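These notes are about the structure you will find just below.
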Amino acid sequence: DDRTKRWFFRTTIKGLDGTTQRLFGTPGIPGPFHDLPATKVGALEAERRAVQDALTPKLPQQEKKEVPTFTDWFKGRFWKEWVVSRKNKPTEVRSKNIIFDLHLKPRFGSMRLDEISTSEVAQFRADLIAKGLGDKRINNILAVLSKPMKYAVDCELLTKAPKIGILKVERPEIVG
């Protein structure tokens, strides 16, 4: 640079996606190229680093979130934000409590939400069938399991909820 008497680089690159990006920098001054000498060789090395950095695909940084256990989630935030704030009827609240205490807590209570997979749910469904429970009852249990998992996705605690998959139930004929 004639004005500052320093070596620098300025270049334009075209990315793999077709976008252009302008890169520039000065070696030897505070910044990403401060470790390089303020010479022509330093400027060439700084340019090489900048181009390599710009063309290297960036992986999004994922911060590790603390994922609660199923019991802590169900009886805590989910219960307050979903069951209480949506004013579930007393019979529905009672039904959810019974299903949680009898079926969900023994199976999933101590597991973290991100440990509950589609495979775990499929095994749970198979165990419910083996106990001889009716299809409608099993679907009610699976529905109570499904809602807190989907709400955890809405609250960004999970990236995706496990597939629950309810059983097909034929509607009874109404005799009239």
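We use all heavy atoms of the structure for the numbers below, so side chains are in, but hydrogens, waters and symmetry mates are not. Note that the coordinates shown come from a computational prediction; the quantities given were computed from them, not determined experimentally.
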If you look at every heavy atom in [X] and [Y], which pair is closest and at what distance?
X    : Y    : result
P37  : P27  : O-CB, 3.5 Å
S117 : P162 : C-CB, 3.6 Å
T69  : S110 : CG2-O, 3.7 Å
F70  : F108 : CB-O, 3.1 Å
L36  : G42  : CD1-O, 3.6 Å
R107 : D127 : NH1-OD2, 2.6 Å

[X] side chain to [Y] backbone, donor-acceptor under 3.5 Å:
X    : Y    : result
E115 : R112 : yes
K5   : D2   : yes
S95  : T91  : no
W73  : P148 : yes
T26  : F8   : no

query = Aromatic rings F33 and F9: how do their planes relate, parallel, tilted or perpendicular, breaks at 30° and 60°?
reply =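 It falls in the perpendicular class, over 60°.
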request  = Just do the salt bridge (charged side-chain N to carboxylate O under 4.0 Å, His left out) check on D72 and R77 with the steps written out, would you?
outcome  = CA-CA 8 Å; D72 292 342; R77 188 170 165 195; over 6 Å; no
How long is the straight-line distance from [atom2] of [Y] back to [atom1] of [X], given to the nearest 0.5 Å?
X    : Y    : atom1 : atom2 : result
I99  : K105 : CD1   : NZ    : 15.5 Å
L44  : R49  : CG    : CZ    : 12.5 Å
D135 : N140 : CG    : CG    : 11.0 Å
F124 : I116 : CZ    : CD1   : 10.0 Å
L104 : I98  : CG    : CD1   : 12.5 Å

Heavy atoms from other residues, nucleotides or ligands near [atom1] of [X] exceed 12 (cutoff 6.0 Å):
X   : atom1 : value
R6  : CZ    : no
R94 : CZ    : no
K75 : NZ    : yes

request  = Report the C-alpha separation of T20 and I13 in whole Å, then their side-chain angles, then the decisive distance to 0.1 Å, and conclude whether the side-chain contact (heavy atoms from CB on, under 4.5 Å) test is met.
outcome  = CA-CA 6 Å; T20 58; I13 62 166; over 6 Å; no
query = Should the pair K96-D101 be classified as a salt bridge under the 4.0 Å nitrogen-to-oxygen rule?
reply =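 No.
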request  = Could you walk me through whether R48 and E45 pass salt bridge (charged side-chain N to carboxylate O under 4.0 Å, His left out), step by step?
outcome  = CA-CA 5 Å; R48 187 194 66 74; E45 174 61 18; 2.7 Å; yes
request  = Start with the C-alpha gap between F74 and F100, add the side-chain angles, then the distance that decides, and say whether ring-ring contact (aromatic ring centres under 6.0 Å, His included) holds.
outcome  = CA-CA 9 Å; F74 190 90; F100 176 79; 4.5 Å; yes
task = Take T159 and V153 through the side-chain contact (heavy atoms from CB on, under 4.5 Å) test and state the conclusion after the steps.
result = CA-CA 6 Å; T159 53; V153 172; over 6 Å; no
inquiry  = Grouping I, L, V, M, F, W and Y whenever their side-chain heavy atoms are under 4.5 Å apart, do I129 and V144 come out in a common cluster?
reply    =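 Linked, I129 and V144 end up in one cluster.
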key: Worked verdict on H103 versus L133 for side-chain contact (heavy atoms from CB on, under 4.5 Å)   = CA-CA 12 Å; H103 302 286; L133 297 177; 3.9 Å; yes
query = With side chains defined as the heavy atoms from C-beta onward, is the minimum distance between K14 and Q21 less than 4.5 Å?
reply =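 Contact flag for K14/Q21 side chains = no.
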query = Are W79 and N97 side-chain neighbours, meaning at least one heavy-atom pair lies under 4.5 Å?
reply =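 Sidechains of N97 and W79: in contact.
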request  = Determine, stepwise, if the pair K160 / D114 fulfils salt bridge (charged side-chain N to carboxylate O under 4.0 Å, His left out).
outcome  = CA-CA 9 Å; K160 68 177 194 141; D114 57 353; over 6 Å; no
